[in-house]
Asks: 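Here it is, the structure in full.
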Amino acid sequence: MTHAHEHAGPGPRTQGRPHDHPPHHDHAASAALLDLDAEVLGAWLPGAADLVAAHAPDASVVVDLGAGTGTGTLALARRLPAATVVAVDRSPAMLERLRAAAAAAGVGERVRTVAADLDAAWPATGTVDAVWAASSLHHLADPDRVLRDAHAALRPGGVALVVELDEQVRLLTDDLAPGLASRLAQAASTWNVHPDWGPHLERAGFEVLDVHHVTTEAVDSRYGRAWLTLLRTGLAERLAPADVATLDRLLAEHPATLDSLPVRAERTLWLARRPAAPSPHSPVHSPTHSPTTHDGGAR
Ligand SMILES: C[S@@+](CC[C@H](N)C(=O)[O-])C[C@H]1O[C@@H](n2cnc3c(N)ncnc32)[C@H](O)[C@@H]1O
């Protein structure tokens, strides 16, 4: 059971310093969770790709920044059948998984993977029609520089879609463990700290066209187990011993306990455009490219 609904308008935002992965996190488990998230809570993906397609229907090159396992790359490749999607990530393991997924989805010929650290420099993408950055900007050391580079790489009139979770995915109902869902969300909140990207997009020269809020909900015991395992591993030092014991008990009792727990994700989508004609106030910016490792080519 999965559904999505969306409503326009800005919502409350968290403020703070970008933070990276949970401590002790396991890359294979993170990759599996990204795929599971798209499968279970990914009902927003086609609509988000529609937003890009509505503004770049004839796109020939689209870039997915921090592409991970390729959940956005695949949504874009499916929605834009004439486009090549350039998937950029610093993790070769993620990109390997992405190439396999693209091949399995029959879009491998139109997906190019680029192993590059966006903190070092913008990869050599050439001029692009659209940029997608889902749950990735908050990982970057200097996201404003990357947004300026994205603006410079986009053709005039090209579009950018930035997506972030509003808070960590929520899993537990309070009748199982009173208050635990809130304490877990609070303890995990630093994994996902990000600002309102609207002003950042504007400072980089973009015109923000729209802000969407999308909520997806589902019941899926695989998600419950994967997410609780990640929380148990990553948050053990930040949780009270009683909460760690509760997590251990919930995991041990899987699947009976976890089968029926709803999971919910709330996301904000910022849709922005590089103005077609430069305004007198538009910043002039040229990205500096560094040598990048192309670990794919069109495969
Ligand atoms: C939370 S995942 C999101 C993946 C995907 N966009 C999605 O929505 O499923 C963040 C991704 O950003 C990548 N990433 C983080 N910092 C990066 C950097 N400096 N340069 C390139 N990729 C980076 C990570 O390797 C990871 O795959």
Side-chain angles (χ1 to χ4, degrees), residues 1-14 16 18-22 25 29-52 64 66-76 94 132-139 161-174 176 180-197 210-232 234-235 247 250 258-271:
M1 176 189 71
T2 302
H3 69 267
H5 53 88
E6 87 176 57
H7 45 97
R13 306 248 38 88
T14 50
H19 198 281
D20 213 356
H21 301 287
H25 100 300
S30 295
L33 195 56
L34 289 177
D35 282 341
L36 195 57
D37 188 74
E39 184 188 334
V40 176
L41 294 172
W44 63 277
L45 281 160
D50 283 347
L51 288 175
V52 172
D64 183 0
T69 55
T71 58
T73 298
L74 291 195
L76 290 163
M94 289 282 188
W132 169 290
S135 298
S136 56
L137 277 194
H138 73 270
H139 285 278
L161 189 78
V162 173
V163 184
E164 295 277 13
L165 280 166
D166 292 353
E167 62 172 28
Q168 286 303 331
V169 170
R170 284 205 173 233
L171 178 62
L172 298 168
T173 52
D174 268 358
L176 269 172
L180 183 59
S182 302
R183 292 195 295 280
L184 289 176
Q186 177 63 32
S189 62
T190 55
W191 294 355
N192 191 50
V193 172
H194 62 82
D196 175 355
W197 288 117
D210 220 342
V211 181
H212 297 262
H213 297 280
V214 186
T215 301
T216 45
E217 288 178 5
V219 174
D220 188 292
S221 60
R222 295 166 305 160
Y223 201 106
R225 187 160 186 78
W227 183 233
L228 282 192
T229 302
L230 189 72
L231 293 177
R232 168 69 181 84
L235 296 179
L247 287 179
L250 287 169
L258 297 178
D259 270 354
S260 58
L261 292 180
V263 290
R264 186 178 73 234
E266 296 180 17
R267 290 177 164 89
T268 299
L269 281 58
W270 291 263
L271 180 68

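In this chain, residues are counted from 1 in sequence order.
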Asks: One pair to check against side chain to side chain contact (heavy atoms under 4.5 Å, CB included): Asp220 and Val263. What are the steps and the verdict?
Replies: CA-CA 8 Å; Asp220 188 292; Val263 290; 5.5 Å; no
Asks: First locate atom CZ of Arg225, then atom CG of Leu261, and finally report the distance between them rounded to the nearest 0.5 Å.
Replies: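 Taking CZ in Arg225 and CG in Leu261, the distance rounds to 12.5 Å.
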Asks: Around Glu167, counting heavy atoms of other residues, nucleotides and ligands shown, do more than 12 lie under 6.0 Å from its CD?
Replies: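 Yes, the 6.0 Å shell around CD holds more than 12 heavy atoms from other groups.
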Asks: Atom CG of Leu247 and atom CG of Leu180: how far apart are they, to the nearest 0.5 Å?
Replies: 5.5 Å
Asks: Is there a donor in the side chain of Trp270 and an acceptor in the side chain of Asp196, or the other way round, less than 3.5 Å apart?
Replies: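 Asp196 and Trp270 do have a side-chain donor-acceptor pair below 3.5 Å.
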Asks: Rounded to the nearest 0.5 Å, how far apart are CG of Leu161 and NE2 of His212?
Replies: 8.0 Å
Asks: Using the side chain to side chain contact (heavy atoms under 4.5 Å, CB included) definition, which of the options Val214, Leu36, Thr216 pairs with Leu41?
Replies: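 In the set Val214, Leu36, Thr216, the residue that makes a side chain to side chain contact (heavy atoms under 4.5 Å, CB included) with Leu41 is Thr216.
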Asks: Going through the distances and angles, do Leu250 and Arg232 end up as a side chain to side chain contact (heavy atoms under 4.5 Å, CB included)?
Replies: CA-CA 11 Å; Leu250 287 169; Arg232 168 69 181 84; over 6 Å; no
Asks: On the 0 to 90° scale, with breaks at 30° and 60°, tag the His194-His138 ring pair as parallel, tilted or perpendicular.
Replies: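 Answer is tilted, since the angle falls between 30° and 60°.
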Asks: Mind listing the closest non-hydrogen atom pair of Trp132 and Ala48 along with its distance?
Replies: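 Trp132 and Ala48 have their closest heavy atoms at CH2-CB, 3.6 Å.
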Asks: How many angstroms lie between atom CG of Leu235 and atom OG1 of Thr190, to the nearest 0.5 angstrom?
Replies: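 Taking CG in Leu235 and OG1 in Thr190, the distance rounds to 8.0 Å.
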Asks: Could you give me the CA-CA distance, side-chain angles and deciding distance for Thr215 and Glu266, then say whether side chain to side chain contact (heavy atoms under 4.5 Å, CB included) is met?
Replies: CA-CA 4 Å; Thr215 301; Glu266 296 180 17; 3.6 Å; yes
Asks: Rounded to the nearest 0.5 Å, what separates atom CG in Leu231 from atom CH2 in Trp191?
Replies: 5.0 Å
